[in-house]
2 protein chains.
Amino acid sequence: MGTADIPDIVVSRLPIYLRALTRMSQEGVKTTSSHELGRRLGISSAQIRKDLSHFGEFGKQGTGYQIEYLTGQLRRILKVDREWEVALVGAGDLGRAVAHYNGFRDRGFRITLVFDSNPAKVGTKLGEFEIYDVARLDDLIRTQGIAVAMVAVPAEAAQAVTDQLVAAGVRGILNYAPINLAVPHRVWVQHIDPVVHLQRMTYYL
Amino acid sequence: MGTADIPDIVVSRLPIYLRALTRMSQEGVKTTSSHELGRRLGISSAQIRKDLSHFGEFGKQGTGYQIEYLTGQLRRILKVDREWEVALVGAGDLGRAVAHYNGFRDRGFRITLVFDSNPAKVGTKLGEFEIYDVARLDDLIRTQGIAVAMVAVPAEAAQAVTDQLVAAGVRGILNYAPINLAVPHRVWVQHIDPVVHLQRMTYYL
DNA sequence: TAGATTGTTAATCGATTAACAATC
DNA sequence: TAGATTGTTAATCGATTAACAATC
């Protein structure tokens with residue numbers, strides 16, 4: 001029980017559990033156990049039970065977990081039982097791919113604003129989205145009360161964009177630029193850098 | 001000292017160090033210390049020194065680390081002091097963005113093969129790359145001795161593609177599909193799933 | 001009922017940090 | 001030299017795992 005003081009490493013595993021459970025649900029499975037889930041994920045069953053126990057009791061002895069119920073609880077805990085509006089800064093190749101990706105919507109996130117600094121792109125459409133000038137970033141994000149943003153600009157521009165986002169009130173930033181962003185304590189940053197993952201693998205090859 | 005038995009969590013931080021040091025080098029800085037690097041990364045200086053000490057002695061008391069020397073050593077340790085040829089499976093929006101991304105080349109990776117299953121795409125060009133039919137995956141990857149691949153296909157196809165890659169001898173897979181891949185022990189998989197990172201942030205918002 | 005599986009406790013294991021002698 | 005910083009040891013801290021009573 002309790003919502004405060006949960007180790008971040010526990011929180012970081014919940015979306016993985018949610019993803020696997022959603023998949024199992026799509027496969028038509030109704031019930032699972034910590035053993036089965038652990039086997040799928042390469043995680044011990046004890047760890048899964050321990051992680052979940054921080055938030056409540058979601059299973060039944062003898063039978064395990066109702067997948068639909070558990071996914072509902074995980075969505076609530078992770079606050080993705082609602083839809084978060086997300087701003088995307090950068091409409092280059094990567095920004096385009098991100099904007100076209102359908103996988104955000106059904107997992108709690110919807111892109112509602114796209115920005116770019118290139119005057120040739122401003123005013124054009126990126127799929128269903130109009131591309132706005134970054135000069136309007138503060139105004140639009142503030143007005144629409146957007147809390148989450150994705151940064152898909154070149155490394156050189158990433159820190160400046162981040163500063164603008166933070167000033168506009170954004171509290172969570174997903175950064176695709178290969179650079180460590182400096183942000184105030186109240187803001188959360190997560191990095192997506194495929195090369196970091198590749199380099200981590202080549203060490204073992 | 002020693003190359004075996006290094007905790008994976010230590011290995012996973014080396015690419016982060018390398019990225020930060022490369023950045024500092026670009027900024028014209030020649031020398032740094034565990035304190036300065038730690039401040040940039042939000043990591044304690046003790047941890048950086050401890051991590052590096054698994055692999056050797058790279059600094060000097062009183063003055064710290066020569067950035068050029070340390071980056072060279074990290075590249076060697078991570079085996080990115082060479083260029084790895086990488087196969088890309090999936091030439092959709094995401095695959096296109098990945099193929100166009102310039103950030104792989106100077107960090108140790110070069111895409112040399114692109115595959116797709118869509119007959120309308122096979123034979124066309126994706127930037128400088130010809131798109132091959134996945135039916136030729138085994139032959140081409142085996143012939144060219146490629147060890148690393150990126151999977152950028154829909155979730156439904158990801159496991160089948162992975163099985164083919166593994167059969168063809170690939171030993172490291174960077175997976176962009178939102179699904180947990182099953183692979184033999186000798187194969188390394190890393191996941192890129194932006195939604196997992198977003199969900200990890202919304203927990204705190 | 002018998003078998004299975006949970007949630008939780010205590011033990012183990014491993015990672016991080018503080019401190020400092022060595023030394024540039 | 002005096003100040004700074006390393007590499008390393010020992011202490012602390014935290015995470016994982018094994019085990020089991022409870023119970024479906």
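Just so we're on the same page: letters track the sequence lines, and every chain starts at 1.
- Distance, His54(A) NE2 to dT9(C) C1': 13 Å, rounded to whole Å.
- Following rounding to the nearest Å, Asp5(A) (CG) and dA15(D) (C1') show an atom-to-atom distance of 14 Å.
- Of the side-chain N and O atoms in Ser34(B), one or more sit less than 4.0 angstrom from OP1 or OP2 of dT6(D).
- Regarding Phe55(A), its CZ atom lies at a distance of 13 Å from the P atom of dG7(C), rounded to whole Å.
- Using modelled atom types, no side-chain atom of Asp93(A) and backbone atom of His100(B) make a donor-acceptor pair closer than 3.5 Å.
- Rounded to an integer number of Å, the gap from CG of Leu70(A) to C1' of dT5(C) is 14 Å.
- Between the C1' atom of dT17(C) and the NE2 atom of His35(B) lies a distance of 12 Å, rounded to the nearest Å.
- Closest to the side chain of Arg49(A), out of dT6(C), dT16(D), dT5(D), is dT6(C).
- Nearest nucleotide to the side chain of Ser44(B), out of dT17(C), dC24(C), dA18(D): dT17(C).
- Along DNA chain D, the nucleotide nearest to Gly62(A) and the one nearest to Pro7(A) differ in position, and the one closer to the 5' end is contacted by Pro7(A).
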- Message: Between Ile146(A) and Val86(A), does the side-chain contact (heavy atoms from CB on, under 4.5 Å) criterion hold? Intermediate values first, please.
- Response: CA-CA 6 Å; Ile146(A) 288 177; Val86(A) 179; 5.8 Å; no

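- Between the side chain of Asp116(B) and the backbone N or O of Lys121(B) there is no donor-acceptor pair closer than 3.5 Å.
- Atom CG of Asp51(A) and atom P of dG7(C) are 12 Å apart (whole Å).
- The side chain of Tyr65(A) places an N or O atom within less than 4.0 Å of a non-bridging phosphate oxygen (OP1 or OP2) of dG7(C).
- Minimum atom distance to the side chain of Lys50(B) is reached by dT17(C), of the listed dT8(C), dT16(D), dT17(C).
- When rounded to the nearest whole Å, the span between CG of Asp8(A) and P of dT16(D) equals 12 Å.
- Two residues, Phe58(B) and Gln61(A), neighbour DNA chain D, and the one matched to the more 5' nucleotide by heavy-atom proximity is Phe58(B).
- In terms of modelled atom types and a separation under 3.5 Å, the side chain of Trp84(B) and the main chain of Lys79(B) share a donor-acceptor contact.
- Among residues at least two apart or in separate chains, side chain to side chain donor-acceptor pair (under 3.5 Å) pairs with a member in residues 142-153 of chain A are Asp138(A)-Arg142(A), Asp139(A)-Thr143(A).
- Just one residue in the list Glu128(A), Glu85(A), Glu83(A) forms a salt bridge (Lys or Arg N to Asp or Glu O under 4.0 Å) with Arg105(A), and that residue is Glu83(A).
- Rounded to 10 degrees, the angle separating the terminal helix axes of the helix from dG3(C)-dC24(D) to dC24(C)-dG3(D), each built from five base pairs, is 20°.
- Nearest heavy-atom pair across Arg107(A) and Pro178(B) is NH1-CB, 3.5 Å.
- Closest to the side chain of Gln47(A), from the set dT16(D), dA18(D), dC24(C), is dT16(D).
- Distances from the side chain of Ile9(B) to the nucleotides dG7(D), dT6(C), dA15(C) place dA15(C) closest.
- With distances taken from any side-chain atom of Glu57(B) to the nucleotides dT5(C), dG7(D), dT17(C), the minimum falls on dG7(D).
- In this structure, the side chain of Gln190(A) does not engage the main chain of Val196(B) through any donor-acceptor pair within 3.5 Å.
- If you check every strand for non-hydrogen atoms under 4.0 Å, Ser45(B) touches nothing.
- For Arg13(B), the side-chain atoms get nearest to dT16(C) when compared with the rest of dT16(C), dT6(D), dT8(C).
- Per the geometry, CD1 belonging to Ile48(B) stands 17 Å off P belonging to dA15(C), to the nearest Å.
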